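Read through the structure below, which is laid out as structure tokens, and then see the notes.
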Amino acid sequence: MDFKQIEKKWQKRWEDTKLYSFDKSKVDKKMYVLEMFSYPSGAKLHAGHWFNYGPSDTYARFKRMKGYEVFQPMGFDAFGLPAENYAIKTGIHPEDSTLKNIATMEKQLKAIGATFDWDYEVKTCMPDYYKWTQWLFLQLYKKGLAYRKEAPVNWCPSCNTVLANEQVKEGECERCGSVVVRKNLTQWFFKITDYAEELLTDLDKLDWPEKTKLMQKNWIGKSVGAEIDFETTTGEKFTVFTTRADTLFGVSYVVLAPEHPLVEKLTLPDRMEAVENYKIESSKATEIDRLSSAREKTGVEIGAYAINPINGRKVPILIADYVLASYGTGAVMGVPSHDDRDFVFATKYGLPIERVIKGKDGQNDALPFTDYGVMVNSEEFDGMTTEEGKIAVVKKLEKENKGRLKTNYRLRDWLVSRQRYWGAPIPIVHCEHCGAVAVPESDLPVKLPYDVDFTPNGQSPLLKSEEFMHTTCPKCGGPALRDADTLDTFVCSSWYFLRYPDNKNSEKAFDTEWINKMLPVDKYIGGAEHACMHLLYARFMTKALRDMGYLNFDEPFTSLIHQGTILGPDGNKMSKSKGNVVSPDDKIQKYGSDVFRVYLMFCFSYIEGGPWNDSGLESVQRFFDRIERMAKKAYEVHFYDGSFTADEKELNYVRNYTIKAVNNDIDNFSFNTAIARLMEFVNALYAYDSKVEKKNKLFLDCIVDLIKLFAPMAPHFTEELNEMLGGKYSIFNLSYPVCDEKALVRDEIEYAVQINSKMRGRVVISSSASNEEIEKIALNEVKDSLGDATVKKIIIIPKRLINIIA
RNA sequence: GCGACUGUGGCGGAAUUGGCAGACGCGCUGGAUUUAGGUUCCAGUGGGAAACCGUGGGGGUUCGAGUCCCUUCAGUCGCACCA
């Protein structure tokens, strides 16, 4: 079969007949299948793109044949650093290179033969899209969910921009791997922490990989505890956060983070120099040493003392950089007897270690004892368990207004400003008199100027554009400056799935009524690397928009699947530097897109991925040939219509078994086993063909079913065979084969017979046989191996095995 | 350090609830077709002469464990002093 000609033929026909365009009138049967859109980085699709889009297109086609109105759009996450870095290197403007890349990728995506409905395409770098990204920013701003503050931020010295917490991996820039440094800057944040609790609890509602949910859960990092107020001997107040209020009697010191605002005020003059030195040391250390996990704990006393509110004891105050300014209150109580870190610290600095918790009966409670236990040396609380004491201690303090129950989250607000050019400008104007002023919605979009010098100098490139920067204040009309930063590209991608179904709307970001019908996304497919970034941001944005009345659902992606990674033949991640990149183009040239995508589905587990291996392509090609030969046979042979012989019953069994299994497998993204089942079916057809001279019409029916079953995986090939056999156009308008359960009921069943759990034989037993009959047949079968042993018990597992215990 | 996942023939990988381990494919062996090679078709293919032994190692529960429990090793990923 000439695949090149066939691909062209059917792609044209599909396009001419608008086969894949979404029928809005059937929205009640909608199935929103979405693959994470791509970044238009290189000119060509790589193996990873194919692995993402090919199999998920199979899923979409399958659902279509199951009667769903499938909505499967495609677009481009077009803003971002790579285009800008490429521009810095080559001088080609990001807009030019991006648009060119998009054009090439569109063409290639069409060549996959996927069912994307291109009428709904979005490109995030176009003004008709980022206008609404800016609108979104303004809504959050109005709602108090976007705010500006000066804070220590993560700065990537190589990308010349700040990064969100989520974009820092092991102290390094997620994108370029440079060591991230800390800087104090005034930046825009989204208040994702307002949604911490809901983002956490709603995870239970989602059909997502457990691992991903767990990662989000850990990232949000809820911890339930209490805030306890300490007073210093000079009357200053500060608050600590603890999850173990039951250990309060064991406090032998308190620690403030070096950056804590009270440090300067509390430090005694004779300690000032030591404290200042320590602060300098620790600020250096956080930049360089963040990676060493078992870093030695250090600290200095500041000379001041605090009063333990529960027992009035005076304890020294220290600063130490193992206490983080950014978590909790930036201050902790030191209980060395019941906390590993405090124990190490107290031992080093000779601070007292006093037990206030003992283990439950017989438990080894050597210090430091960090398990839950029973309170001791704690006055009236003695004898209480940790669970009781945690509450009781706080309740007592609460009466004196010295403490309260409190829940903390590890999640921080989302930093969205970027000091880069190629992104959506932040729609804010800074006026000398009025401060930060929102750009009126009617003035959107704030257009990104084309002619800008974007050579990096650590500042926002837009600052250099006089024309862009200078504007008038929307409030007072006086001269004002625009915000020179652009939005993190994750802002663009946090709502694109809402734009797809209404991508041409020029009045609104989307029509609420329509979007409430089209969403949530039923099946979302993409890489696992977005677990704590895109997937978290999109959930936040959905919830925020819901609370503003623009949406009526809580979660954007009901069901999520991560595809695995295709590695190089050497088992390493494909990369140019390793020289192990396999180009799909040569393979597609040689085998065609159908064979290529079936290869990807057959030779890899979709969830796992794995190393590339060429030999699989040949075997998949062979499988196609085998089907084609069978189909030609079906076209030529004369069939009779009549009752089934044993051979035909068997063939019909395999047919229906295959139908059932393939339906199930595709639903579960288990494409490799679905194809294995189809191969078995083909093998059964060959067996029937070589065995039976005069062929029943069943043979033809089977081949027709086979082609339909295979259609979602090999769309061009099966469309051609369907036409050859006189089937109606398009095969994708036919319904997917449904299993006839009756055909799966067999007259006879083969049982394994075991004696004392060891295999001793097999018997074929009528499916209507009673247990007594089964036992009798089994005993007869193995009577020689059984000898004269006494049978104690017989275990029958229906349709599987008989185990004789003797 | 903490957490999650993975570990099955020469190879890629299968195994509803615990129930015949190794589906399907690659590779290999033999046969048929062919002048020959290739293609195609048919048969075989975990180890062992056999009893038996086999799912990273050790232990346990069970009539029965790749699957459940404990322990240990190796690899992958995520978090990284979160009080």
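Computed from a prediction, not measured in an experiment: that's the story for all the values here. The figures here come from the full heavy-atom set of this structure, side chains too, leaving out hydrogens, waters and symmetry mates. Chain identifiers are assigned alphabetically (A, B, ...) following the order of the sequence lines, protein sequences preceding nucleic acid strands; residue numbering begins at 1 within each chain.
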Nucleotide N/O to protein N/O under 3.5 Å, stretch nucleotides 63-68 of chain B:
| residue | atom | partner | partner atom | Å |
| --- | --- | --- | --- | --- |
| C63(B) | O2' | S757(A) | OG | 2.7 |
| C63(B) | O2 | N803(A) | ND2 | 2.6 |
| G64(B) | O4' | S757(A) | OG | 3.1 |

Exercise for the section: Quote, to the nearest angstrom, the P distance that separates C79(B) from C28(B). Expected result: 44 Å

Handout entry: Rounded distance in Å between the P positions of G58(B) and A65(B)
Key = 15 Å

Practice task
Can you check each nucleotide of nucleotides 6-12 of chain B against protein heavy atoms at under 4.0 Å and return B for base, S for sugar-phosphate only, - for none, in 5' to 3' order?
Solution key: ------S

Problem - G7(B) versus A51(B) - spacing of their P atoms, nearest Å - result: 31 Å

Practice task
Check every atom of C79(B), A14(B), A23(B) against the side chain of E680(A) and return the nucleotide holding the closest atom.
Solution key: A23(B)

Practice task
Assess the side chains of Y409(A) and E197(A): does a donor N or O sit below 3.5 Å from an acceptor N or O?
Solution key: yes

Exercise for the section: Answer with base, sugar-phosphate or nothing: what part of the nucleic acid does E750(A) contact at a heavy-atom distance below 4.0 Å? Expected result: base

Exercise for the section: Tell me what D342(A) touches on the nucleic acid: a base, only sugar-phosphate, or nothing, going by heavy atoms under 4.0 Å. Expected result: nothing

Exercise for the section: Could you let me know what C5(B) is paired to, Watson-Crick or G-U wobble, both distances under 3.5 Å, or none if it's on its own? Expected result: G75(B)

Practice task
Indicate whether the side chain of Y327(A) and that of S223(A) have a donor and an acceptor atom separated by less than 3.5 Å.
Solution key: yes

Completion exercise
Which of C81(B), G25(B), A83(B) is nearest the side chain of Y327(A)? It is A83(B)

Exercise for the section: Would you classify S326(A) as touching base, sugar-phosphate or nothing, given that sugar-phosphate means primed atoms plus P, OP1 and OP2, and contacts are heavy atoms under 4.0 Å? Expected result: nothing

Problem - Y591(A) ring center near Y599(A) ring center (under 6.0 Å) - result: no

Handout entry: Side chain of R622(A) (C-beta onward), nearest among U17(B), C26(B), A83(B)
Key = C26(B)

Problem - Sugar-phosphate, base or nothing in reach of N408(A), heavy atoms under 4.0 Å - result: nothing

Problem - Any donor-acceptor pair under 3.5 Å from R355(A) side chain to I357(A) backbone - result: yes

Handout entry: Distance, C1' atom - from U62(B) to G48(B), rounded to whole angstrom
Key = 29 Å

Practice task
Fit a plane to each ring of F51(A) and Y606(A), take the angle between them on a 0 to 90° scale, and name the class: parallel (under 30°), tilted (30 to 60°) or perpendicular (over 60°).
Solution key: tilted

Problem - Euclidean distance for P, C69(B) against G18(B) (whole angstrom) - result: 11 Å

Practice task
Ignoring hydrogens and angles, state whether a donor on the side chain of Q216(A) or W208(A) is under 3.5 Å from an acceptor on the partner side chain.
Solution key: no

Exercise for the section: Taking atom types as modelled, find out whether N613(A) and S615(A) have a side-chain donor-acceptor pair closer than 3.5 angstrom. Expected result: yes

Practice task
Could you measure between the two P atoms, the one in U45(B) and the one in A21(B), and give it in whole Å?
Solution key: 16 Å

Exercise for the section: Could you tell me whether R677(A) contacts a base, only the sugar-phosphate backbone, or nothing, with contacts defined as non-hydrogen atoms closer than 4.0 Å? Expected result: base

Exercise for the section: Would you check if R412(A) and S326(A) make a side-chain contact, meaning some heavy-atom pair closer than 4.5 Å? Expected result: yes

Handout entry: Between G60(B) and U55(B) - P atom distance, rounded Å
Key = 15 Å

Practice task
Answer with base, sugar-phosphate or nothing: what part of the nucleic acid does R760(A) contact at a heavy-atom distance below 4.0 Å?
Solution key: sugar-phosphate

Completion exercise
Side-chain contact check for L801(A): nearest option of G19(B), C41(B), C77(B) is G19(B)

Handout entry: Pair K297(A)-Y349(A), side-chain donor/acceptor within less than 3.5 Å
Key = no

Problem - Q621(A)-D625(A) side chain donor-acceptor pair, cut-off 3.5 Å - result: yes

Handout entry: Euclidean distance for P, G38(B) against G30(B) (whole angstrom)
Key = 12 Å

Exercise for the section: For K758(A), report the nucleic acid contact type (base, sugar-phosphate, nothing); a contact means any heavy atom under 4.0 Å. Expected result: sugar-phosphate

